[in-house]
Every structure is written in C-alpha cells, then in structure tokens.
Protein chains: 2
Amino acid sequence: MNVGIKDVARVAAVSPATVSRVLAGRPVDPDMRDRVMAAVHETGYRPNLAARRLRSRHTNTIGLIVADIRNPFFTAVSRTVEAIAYDRGLRVIFCNTDEDAAKEAMYLQLMQEERVTGVILAPTREGADRIAHVESDFPIVLIDRAAPNASCDSVVIDNAAMAAKLVVHLHRLGHRRIAGLFGTDTVTGRERCDGYRRAMEECGIPGQVVPVPHEREQAQRVIAALLEDASRRPSALVVSNSVMLQSVLRVADALELEIPRDLALTSFDNEPWMEFVGGGLSVIEQPVEEIGRTAVTMLMDRLDHADCVTRRVVLAGRFIARGSGGRGVEA
Amino acid sequence: MNVGIKDVARVAAVSPATVSRVLAGRPVDPDMRDRVMAAVHETGYRPNLAARRLRSRHTNTIGLIVADIRNPFFTAVSRTVEAIAYDRGLRVIFCNTDEDAAKEAMYLQLMQEERVTGVILAPTREGADRIAHVESDFPIVLIDRAAPNASCDSVVIDNAAMAAKLVVHLHRLGHRRIAGLFGTDTVTGRERCDGYRRAMEECGIPGQVVPVPHEREQAQRVIAALLEDASRRPSALVVSNSVMLQSVLRVADALELEIPRDLALTSFDNEPWMEFVGGGLSVIEQPVEEIGRTAVTMLMDRLDHADCVTRRVVLAGRFIARGSGGRGVEA
DNA sequence: TTGAAAGCGCTAACAC
DNA sequence: GTGTTAGCGCTTTCAA
C-alpha cells in the first residue's frame, strides 16, 4: 500500500510524532531531522492531506466561487486570488456557477463539507439576496457583486458612478438616444443600471434600460430586438461587461451597422481587443488585481478578528476614452 | 463542536453505520431512513469530506491543471470539464500554472497529496517532456499539448495540419511574406510551427518563424521588432493563439498599421471579437467542448482499464474564412 | 526535546 | 438489514 508516516518513522528509527514535527517545521534535534528527511526521500513519502485535515481540524483551504468563468474579469481576479493564496500556503477550491443560483447553493454546501477556512464569492443576484440569511461556519467575502446592506465583508467598485461616467461621455459627444444594457440576474447590473438612470436624468434625456439575460443566444435576441428597427434605434449604448459587448457586436455586424457611425459603444471591463473594434471603445477598466488582493486580505483579517464590524471596500474604476471621442485616461 | 454522524445516530435512535448507509443510498428500512433524514435536517448535519475520504480511500476528485487561465481556450475547456465532472459526482481541483514548469510540478505533487483519482493536464513544454519519466499514482490525460510519443492518454487537435491551412489560405490570397508566431514554451507551438514550416515549403516560399514568449510585455517587444521596419515587414501573420493575437494587435495599432491592408492576420482559436477586427479574421476554431468531454471520458475509461494501451485522440479543428479573403467555413 | 497513546469523523468488516 | 468494532493516516495531548 501507500507509504505512511509510520513507515518513515521506522526507516528513520524515530517515532511517528517526530516525523510529524519535522514535517511541520517544529523544533527537532538536527540529527533526527536529517534522518527523517533522508527517510522521506528514500521512501517517497507524500503526506495524506485528508488525514492531516481531519486530525488537525484546519484545512488551510479557501473557496473561490465565481459566476462566469468565461468572463475575463473573473478569470483575472481568480488568477490573482490563486497566486496570492498559494504564496500564503493556502489551497484554493475554484468553482464556476454559470450564473445559476442552484449551483451556487450546492457549491456553498460543498464548502461546508470541505470545512474550508473561508470563501470568496461573486454571487448571483439571487445568491446575493439570500446570503444575508445564510449562516455559514466560515467567513465570506463578496466580490464584484454585493448589495450595500450585505451582511458580509465585500469589495466592489463604484458601479453607479462608473456607469454615469459612460453616460456623460456619450452625452458630451452629442448622443441623446443612449440605451443601457444590464444583466438581469446580477447585483452589478442593478447598480450600473441605477447609475445610468440617474445620469440620464441629470443630462435631461430619457433613459432606455434593456435587461439582458446571461445565456448568449437569448441575449442576442434581446439585443437584436433593440437594434433592428433603424427608426427607433439608439445612437449609443452603455454595456455592462465584455461578454455582453461581444453579443452586441455580433448583432450589430449581422445588421450591418458600422461602429461607431451607426452605433457608439461603451462598456465596462477593458480587454485588449476593445482597442481595435470600432476605432477603439471607451470603457471602464476595473482594478482586477487589487480586487483579488483586497479580497484575500479581507478574508485573512476576518479570520483573525471574527467579530469585527462588516467592511465594504469600494474601489474606483478607471475611465478610458478612446476612438472618435478622443483618447485618454481619467481617474 | 460540529455535529457528526454519531449525533445524528443518537437523535434518530439508530447506529452510526445505519446513518452512513442512508447517506450512501444503500438499502435501509424505510422507517429508519425517514428517521435518519429527519435527524439530519434537525441537526443540520453536514458530512466531513476529509474523514470520508480518509476512511473510504477514494476521493472522487479529479485534478484539472491548465497552463493559462486567461486564455479563453482553456477556460472554455475547463468549464466543460467541470460541468461534466459534477454531473458524474466528481469534484474538480482546478489549478493554473501560468506556463511555469515549477508551479506545474508543485501542483502535480499536490494532486498526489490529495490522492486524486486522476488528472487532466495541459502541460508546459518542460512538463510535457518530463511527464514521460514521471511515475504517478493516478492516471493523467494530457489535453491540447502532448508530444506524439507521450506515455499518457491525450486529446489534441491536428496542429500541424491546421497551421498549414492558415498558410495555404494566406498564400491563395497572394501573400508571399508570411511570418509564423508561436509560443516558445509549448508543445502546441512547436507542432503548429512544424506545420507552418512544411506548408511554406510546399508553397515554395521562405518561412519566418518568430518564437514569442508567454509574458505579455516581452511578447510585444518581440512582435514590435518584427513589424517596425516597414521594408522587412511580413505582409501576413499566422498567430498561435488568441492571447498572442491581442499582443499583435496592440503592436500593430501602435505602429499605425491597418489590418488587413498593411498586415493580414490569421490565428488559432475563435473568439467572438475576432469577427470585428480588421474586417474579420480567418481562424482555426478548436472544438473546446469536445476536447473537455473526451478528456473526462478517457480518464474514466483509464480508471476502469488501467492496463489498456495508451490512446491519443486527435480532433479536427475548423477553418473559418472571414474578411476580404471571403467568408465561409471549411472542415 | 521525544515517544506513547488517543482520537479526528467516518466507512467497512463482521457478526447477528 | 442492523449494530458493533476497528481503523483510515495523521496530529496532538501527555508524560517522561
């Protein structure tokens, strides 16, 4: 069978406890330590993490649950979280809910069963609403999506203000028919929508909110309905993320609309390719690395200070103007 | 402390073994089963997976290790693998090596310590070379990148043939100065490079291979060096993946090159935005879902038939012609 | 410091 | 079918 700590102990002529101490880096007589290390190499011993976790009662593992692995925003945040976590000797259990609240609930339960130390979660809308009532054995840090009254720590960007920036930008360029496309199922979508609405009001022009479903084909149908009638077509769009933006582009292409002549596009997220469609798109870049870093830090803090008050960190997005509206960056 | 199986047993007035049997779905007297389920809900019992795995000696867990989480190809494959695995009641441990062979080795060791059932791996070049000599306790299925003589099962696409398709396409459009950009550190890059070379030879034109490093800034420097001198600039490029393509676009933009007039672009991978830059790019679309599905299936097969011969599944990519070269799809 | 012994929570083996 | 018992591999008392 597999080689265990007892086998190592026998080879090194020490007790299992001593082997355990060596492996944990606790103070042990140098000679013994050397003998143990030699025995470890000789036997090819690999610790059994299941046994270690069961006995020691801490897993050194955090859960990371995101809503859409295909959204580059989430993969960028995930990459940062993973890198930092491993630097700190933490394992990460990474899960993708595909905006499905049932899957999210299942994963949250899995985290309980894995006895994770904590969870970083980008919830679905339903999940974000429910999280207030959920009692879990581990702290949760919400990222990207968190109602202002959330009962968990959270790190978000100022979605409303950022959406307003896009509206103002388009308004300055002379656009008066500006539609806003936001996800039906996300807190983020709701917040961006609010910001869009207020900004439109302040500009004194009527808003047109279009709720867009997550599933791509459905999304494209909704967008096609918005754009196909030339007489009622908006002249510009505020789009809630890069995935949705690609659906818009596909529909616009099918309708043979030219960007930005027939339709000006602005979006959240900043992917490299956005520089190269329609002469460059103006966007809100999110500080993905800082979001990931902050989330891990907040989680660790929470583990140290379980009863500290709930914190909400709001980071600023970065407005990047491109294309005919002029290039430039504005904080 | 936490509620365990014994607590449930006491509440239900049965033995711990019976609770275990109910939870595992084994035959139990209906009355008892009901009592147990009631007790489970009453106590809020959640199984401890560490304990279960330790005792039962199977983890029902597979590892999925990819080389670049920011590459949409890998996220698409990962999404499929994860969805299928969960349907089959398997957990997935998802890891990102960032093309770092050391990180890859560390993760492979982690998989040992987690006692996973099997691993699906998109290796770095170094890792792919080394994998032949590695003895692991679990089967490994290589995806995307696998030397033809790999000692593991693998599922790949016919990279050489696909690269050749792109070359032939460009040649037909009249291009004679076609450079090939391929990753320095990947098996895939090497294979695509070979296909490119052979196709260039067959077309009777000299090839120009440009090895591109994974790190983005370095990549852009290499690409800038290739493109900045107008007199020596190729008229068309074969690019190895969508991440690299974005670096190309950025450099081309900085040099104020117009696509495809100053530079024609073709690439592997098919992301929606590729329809909208340079009037539409001709690309090789990879069957991402089928790759993921096949990988899981092969892994399960291997678990059932440990001593079966090594299998290599080669899937076909799909050539998609767009832009001035004419639209269309060809298998 | 080190070793002996107990036991983390669960399932498998065995007897009933 | 059900309960009793042992023990998965490890860490952590506790005593020496």
Side-chain angles (χ1 to χ4, degrees), chain A residues 1-37 39-40 43-61 89 91 109-117 137, chain B residues 1-37 39-40 43-61 89 91 109-117 137:
Chain A
M1 203 53 221
N2 224 316
V3 27
I5 209 170
K6 281 184 182 170
D7 305 302
V8 177
R10 201 177 327 109
V11 171
V14 298
S15 76
T18 300
V19 176
S20 174
R21 284 189 265 257
V22 170
L23 263 31
R26 273 196 272 265
V28 168
D29 179 90
D31 290 359
M32 283 191 152
R33 148 165 275 117
D34 292 346
R35 291 218 307 279
V36 168
M37 292 313 287
V40 164
T43 56
Y45 168 78
R46 288 288 108 218
N48 181 321
L49 294 185
R52 182 175 283 179
R53 290 201 268 251
L54 174 60
R55 175 64 240 226
S56 72
R57 311 180 65 60
H58 48 75
T59 55
N60 280 330
T61 299
R91 275 231 24 245
Q109 186 168 306
L110 176 69
M111 295 303 148
Q112 298 259 18
E113 302 183 356
E114 292 279 7
R115 304 295 193 266
V116 296
T117 310
D137 298 340
Chain B
M1 205 50 224
N2 224 317
V3 27
I5 210 171
K6 282 183 181 170
D7 304 302
V8 176
R10 200 177 326 109
V11 172
V14 298
S15 76
T18 300
V19 176
S20 175
R21 283 191 265 259
V22 170
L23 264 31
R26 274 196 271 265
V28 168
D29 179 90
D31 290 359
M32 283 191 152
R33 147 167 273 113
D34 292 346
R35 289 218 308 279
V36 169
M37 293 312 286
V40 164
T43 56
Y45 168 79
R46 289 286 107 220
N48 181 321
L49 292 185
R52 182 176 282 178
R53 290 201 268 252
L54 174 60
R55 175 66 243 223
S56 71
R57 312 180 65 62
H58 47 76
T59 55
N60 279 332
T61 299
R91 275 231 23 245
Q109 186 168 305
L110 176 69
M111 295 303 149
Q112 298 259 18
E113 301 183 357
E114 293 279 5
R115 304 295 193 267
V116 296
T117 312
D137 297 340

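Residue numbers start from 1 in every chain, and the chains themselves are labelled A, B, ... in the order their sequence lines are given, proteins ahead of strands. Predicted, not measured: the structure shown is a model, and the values here were computed from it.
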Rounded to whole Å, how long is the line connecting atom [atom1] of [X] with atom [atom2] of [N]?
X	N	atom1	atom2	result
Asp7(B)	dC8(C)	CG	P	11 Å
Arg55(A)	dC8(C)	CZ	C1'	6 Å
Leu23(B)	dG9(C)	CG	P	15 Å
Lys6(A)	dA4(C)	NZ	C1'	12 Å
Arg10(B)	dG9(C)	CZ	C1'	14 Å
Asn48(B)	dG7(C)	CG	C1'	14 Å
Arg35(A)	dT2(C)	CZ	P	9 Å
Ile5(B)	dC8(C)	CD1	C1'	14 Å

Glu114(B) and Arg91(A): CA distance, side-chain angles, deciding distance, salt bridge (Lys or Arg N to Asp or Glu O under 4.0 Å) verdict:
CA-CA 11 Å; Glu114(B) 293 279 5; Arg91(A) 275 231 24 245; 2.3 Å; yes
Which value, rounded to the nearest 0.5 Å, describes the distance between [X] atom [atom1] and [Y] atom [atom2]?
X	Y	atom1	atom2	answer
Tyr45(B)	Met37(B)	OH	CE	11.5 Å
Asn48(B)	Asn2(B)	CG	CG	8.0 Å
Arg21(A)	Ser15(A)	CZ	OG	6.0 Å

Any donor-acceptor pair, under 3.5 Å, between the side chain of Arg52(A) and the base of dG9(D), if you only look at N and O atoms?
no
Given [options], the nucleotide with the shortest approach to the side chain of [X]:
X	options	result
Tyr45(A)	dT2(C), dT11(D), dC10(D)	dC10(D)
Thr18(B)	dT1(C), dC10(D), dG3(D)	dG3(D)
Ser56(B)	dT2(D), dT11(C), dT2(C)	dT11(C)
Ala51(B)	dG9(C), dT4(D), dT2(C)	dG9(C)

Tell me whether the OP1 or OP2 atom of [N] has a side-chain N or O from [X] closer than 4.0 Å.
X	N	answer
Arg26(A)	dT12(D)	yes
Ser15(A)	dG3(C)	yes
Arg115(A)	dC8(C)	no

Of Arg21(A) and Leu49(A), whose closest DNA chain D nucleotide lies nearer the 5' terminus?
Leu49(A)
Which residue lies toward the 5' end of DNA chain D, Val14(B) or Leu54(B), if each is placed at its nearest nucleotide?
Val14(B)
I want to confirm an ordering. Mapping Pro27(A) and Pro16(A) to their closest nucleotides on DNA chain C, which one lands closer to the 5' end?
Pro27(A)
Sorted by chain and number, sequence neighbours left out, side-chain hydrogen bond (donor to acceptor under 3.5 Å, both in side chains) with Thr61(B) holds for none
